[in-house]
Amino acid sequence: MAERLSAYGKPVWLANVPYFVLDLPATWENFLATRPRNVKESLRKCRNSLRNANLQTRFQVAERGPVLRRSIDELVRLHRARAERTDTVQHTNVFTKGSATRFLSEVCESHAARGRTRVFSLEIEGRTVAARLGFVVGDSLYLSYSGYDPAFARYSVMTTVVAEAMKVCHPSGPSHGESINRR
């Protein structure tokens, strides 16, 4: 433990970090039925805006190996891009130091060995435009860092990624090979 602390620096404790727990019903459809009208409309808008723009999309889930490492790199790149935006709510880039990125990679690799790490990403025209890190523990999904390409913000790409992640990890969601690409 001490060697890890010396490798990454002193931990910084943050007070008042919000977290949210969302209990999922038996099916995705039941979940949607419990959402307010504005949430349903937001999800429809995401799906329709991409389709109406004739953009080819692909949702991916990276779980291990070289694909996971590349997905983490993309996540860090997109996290930085989101943090650099000045025309919306400000977000801190937590990966300004290389040690933070190395720590994230090490944590993700460690959890991947236990089948717990997921990087959910949305590609448009073959380019990763949004990504979200998640950890699966038992029947829970913990969503962590995220990022997106500001050029695609008008398509609500992060909302799409979160919705698809919830579908994939939901007990009634698709299994390997169905409607998503797992890597």
Side-chain angles (χ1 to χ4, degrees), residues 1-14 17-24 28 31 43 46 57-83 91-124 126-149 152 156-183:
M1 177 70 152
E3 63 201 37
R4 286 204 174 152
L5 288 178
S6 66
Y8 299 110
K10 185 178 178 183
V12 177
W13 297 102
L14 302 174
V17 176
Y19 68 93
F20 305 94
V21 176
L22 183 61
D23 294 321
L24 297 178
W28 177 252
F31 171 72
L43 292 168
C46 299
T57 64
R58 184 167 75 165
F59 180 72
Q60 305 256 95
V61 183
E63 299 181 26
R64 63 191 155 284
V67 174
L68 175 63
R69 287 187 284 283
R70 283 192 301 275
S71 295
I72 292 167
D73 290 343
E74 285 291 292
L75 170 72
V76 169
R77 176 184 67 80
L78 293 165
H79 180 80
R80 180 181 336 103
R82 182 193 68 175
H91 293 275
T92 302
N93 179 4
V94 299
F95 301 112
T96 56
K97 294 182 179 178
S99 59
T101 304
R102 287 191 308 276
F103 178 76
L104 176 70
S105 295
E106 186 176 313
V107 167
C108 289
E109 290 286 335
S110 175
H111 285 286
R114 297 176 188 89
R116 295 181 184 156
T117 303
R118 306 287 187 278
V119 176
F120 305 101
S121 60
L122 179 68
E123 291 182 3
I124 296 180
R127 177 177 160 198
T128 304
V129 299
R132 184 85 189 236
L133 175 61
F135 296 100
V136 176
V137 180
D139 62 354
S140 297
L141 172 64
Y142 173 74
L143 293 175
S144 185
Y145 297 112
S146 64
Y148 64 91
D149 183 332
F152 293 89
S156 303
V157 291
M158 279 312 309
T159 302
T160 299
V161 168
V162 171
E164 292 300 320
M166 289 171 60
K167 285 181 196 177
V168 167
C169 290
H170 193 279
S172 69
S175 61
H176 288 277
E178 292 179 7
S179 78
I180 61 159
N181 293 307
R182 288 182 179 259
R183 307 183 277 162

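Basis for what follows: all heavy atoms, side chains included, without hydrogens, waters or symmetry-related copies. Note that the structure is a prediction, hence the values are computed from the model and not measured.
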Query raised in the report: Atom CD in E106, atom OG in S99: separation rounded to 0.5 Å?
Result: 11.5 Å
Requested in this report: Could you tell me whether the side chain of T117 and the main chain of A112 form a donor-acceptor pair under 3.5 Å?
Outcome: yes
Query raised in the report: Partners of R82 by side-chain hydrogen bond (donor to acceptor under 3.5 Å, both in side chains), sequence neighbours excluded?
Result: S146
**Report entry** Side chain R132, main chain M158, donor-acceptor under 3.5 Å
**Finding:** no
**Report entry** Pair V157-D149, side chain to side chain contact (heavy atoms under 4.5 Å, CB included): steps then yes or no
**Finding:** CA-CA 9 Å; V157 291; D149 183 332; over 6 Å; no
Query - Donor-acceptor pair, side chain of R118 and main chain of G115, under 3.5 angstrom - result: yes
Query raised in the report: In Å, rounded to the nearest 0.5 Å, how long is the span from CZ of F59 to CD of E164?
Result: 5.5 Å
Query - Straight-line distance of L75 CG to S144 OG, nearest 0.5 Å - result: 8.0 Å
Requested in this report: Indicate yes or no: at least one non-hydrogen side-chain atom of R77 is less than 4.5 angstrom from one of E74.
Outcome: yes
Report summary line: Distance col, row C169:SG vs Y142:OH, nearest 0.5 angstrom, shows 14.5 Å
Query raised in the report: For T57, which residues count as a side-chain contact (heavy atoms from CB on, under 4.5 Å) partner, sequence neighbours excluded?
Result: L50, L122, I124
Query raised in the report: By ring-ring contact (aromatic ring centres under 6.0 Å, His included), which residues pair with F135, not counting sequence neighbours?
Result: H111
Query raised in the report: Heavy atoms, side chains only, cut-off 4.5 Å: are L133 and L143 in contact?
Result: no
Query - Any V119 side-chain heavy atom under 4.5 Å of L68 side chain - result: yes
Query - Validation row: F120, L141 side chains within 4.5 angstrom (heavy atoms) - result: yes
Query - Over all atoms of both residues, closest heavy-atom pair of C46 and T160 - result: CB-OG1, 3.2 Å
Query raised in the report: Below 4.5 Å, heavy atoms only, C-beta onward: do L43 and T159 meet side chain to side chain?
Result: yes
Query - Distance (rounded to the nearest 0.5 Å) between S71 OG and R64 CZ - result: 12.0 Å
**Report entry** Non-neighbouring partners of N93 that pass side-chain contact (heavy atoms from CB on, under 4.5 Å), sequence neighbours left out
**Finding:** H79, R80, A83, F95, T96
Query raised in the report: Got a donor-acceptor contact below 3.5 angstrom from the R127 side chain to the E123 backbone?
Result: no
Query raised in the report: Taking the side chain as C-beta and beyond, is there a heavy-atom pair between L104 and Y145 under 4.5 Å?
Result: yes
Report summary line: Closest heavy-atom pair, S105 versus I72, reported as atoms and distance to 0.1 Å, is OG-CG2, 3.8 Å
Query raised in the report: Any side-chain heavy-atom pair from E63 and V61 closer than 4.5 angstrom?
Result: yes
Query raised in the report: Can you tell if the side chain of M166 reaches within under 4.5 Å of the side chain of W28, non-hydrogen atoms only?
Result: yes
